[in-house]
Amino acid sequence: MTGRDRVTASLQAAIPGIIACACWELAAHLVPDGRFRFASPTAVLSVAIQDMVHLNMYRQICVTLSETVGGLVVGSVVGTAVGLLLWMNHAVARAFRPYITLAGTLPVFAVAPILINLFGTGFSSKLFIVSFSTVFVAIAQAYEGALSADSGLVLFAQALKAPRSLIAQKIAFPSALAWVSGGIRINIGFALIAAFLAEYIVTEESSTGLGRYIARNAGLYDMPRVLLGVLLLAAIGLGLTELFGRVLRRFNVRRQVEGA
């Protein structure tokens, strides 16, 4: 794709957003109390200009970003390890699979208050909540990925009496890693929701993060700043998804080149 094609594609993608913002601005002026109820693009832009010049705003963003990325990494690493351990022992997998499924179905907003009461309101407890929201997807992806490993290679390694740990390292782990990598895109959303929720329900004034920023301004009925926080959360999610997509594409290309 040439540079001109990229510009054209970007402009085409921007058109729906421009139309939506224009309709939003018009509705804010036409609907009674519209600017108070759901603000307007110009109001959000105005408060963004006011707040984004302060370092404290970037601190809020960095806190949420670090909680999201940290919990995503911890959940993915732990989930991959657990998934591979389950694959190595099918009896243990059959025994624990119902409990893992049960724990994975628990909504994070129901578990978060319990975890905060147990571990406090600091960064570590929020990191634990984010990790909790992502680990079960990683476990399922790693386990299913290991099961989908080339059965011919597994049988060949078993015929050579290779240790199961070596089979897991050389055959099951690459397959599990590919599945976990695909599941990370789903987990980015889960991690961001968990980070927001953990910050939102903590009522301490010293607490930071975009979740607390949104909660504080929602209590003041400051809708422009609430929507600014929402847009910043969306930007973090979009940025992480795009960044991970590029890393994954480079990883796949490099692996194909090395395998050629």
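Scope of the values below: all heavy atoms of this structure, side chains included, with no hydrogens, waters or symmetry mates. For clarity, every value in this text was computed on a predicted model and none was experimentally measured.
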Salt bridge (Lys or Arg N to Asp or Glu O under 4.0 Å) partners for Arg185, two or more places apart: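 Partners of Arg185 by the salt bridge (Lys or Arg N to Asp or Glu O under 4.0 Å) criterion come out as none, since no residue qualifies.
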
Once rounded to the nearest 0.5 Å, what's the spacing between atom [atom1] of [X] and atom [atom2] of [Y]?
| X | Y | atom1 | atom2 | value |
| --- | --- | --- | --- | --- |
| Leu55 | Cys62 | CG | SG | 10.0 Å |
| Leu65 | Leu210 | CG | CG | 9.5 Å |
| Leu238 | Leu243 | CG | CG | 11.0 Å |
| Phe136 | Leu102 | CZ | CG | 9.0 Å |
| Gln141 | Asn187 | CD | CG | 8.5 Å |
| Phe96 | Asn89 | CZ | CG | 10.0 Å |

Side chain to side chain contact (heavy atoms under 4.5 Å, CB included) against Asn117, all qualifying residues, sequence neighbours excluded: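 Result, side chain to side chain contact (heavy atoms under 4.5 Å, CB included) vs Asn117: none returned.
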
Results of side chain to side chain contact (heavy atoms under 4.5 Å, CB included) for Glu67 - residues two or more places apart only: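 Side chain to side chain contact (heavy atoms under 4.5 Å, CB included) list for Glu67, sorted by chain: Val63, Phe123, Lys126, Ala195, Glu199.
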
How about [X] and [Y]: do any of their side-chain heavy atoms sit closer than 4.5 Å?
| X | Y | value |
| --- | --- | --- |
| Leu233 | Ile214 | yes |
| Trp179 | Tyr143 | no |
| Pro224 | Asp222 | yes |
| Thr64 | Arg212 | no |
| Phe38 | Val31 | yes |
| Met223 | Arg37 | no |

Verdict with reasoning, Ile129 to Leu197, per side-chain contact (heavy atoms from CB on, under 4.5 Å): CA-CA 9 Å; Ile129 292 171; Leu197 181 65; 6.0 Å; no

Do [X] and [Y] sit in the same hydrophobic cluster, where Ile, Leu, Val, Met, Phe, Trp and Tyr count as joined when their side-chain heavy atoms come under 4.5 Å apart?
| X | Y | answer |
| --- | --- | --- |
| Val230 | Phe36 | no |
| Val47 | Leu231 | yes |
| Ile18 | Leu45 | no |
| Phe119 | Leu106 | yes |
| Phe132 | Leu118 | yes |

Shortest non-hydrogen contact between Met57 and Leu232, atoms and distance: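 Shortest heavy-atom separation between Met57 and Leu232 comes out as CE-CD1, 3.2 Å.
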
Contacts of Phe196 that satisfy ring-ring contact (aromatic ring centres under 6.0 Å, His included) - sequence neighbours left out: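 Tyr200.
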
Exercise answer: donor-acceptor pairs, residues 71-86 side-chain atoms, under 3.5 Å, sequence neighbours excluded:
residue : atom : partner : partner atom : Å
Ser76   : OG   : Leu72   : O            : 2.7
Thr80   : OG1  : Ser76   : O            : 2.7

Listed once per pair and sorted, the salt bridge (charged side-chain N to carboxylate O under 4.0 Å, His left out) pairs that draw on residues 98-112, sequence neighbours left out: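 Those involving residues 98-112 do not exist here.
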
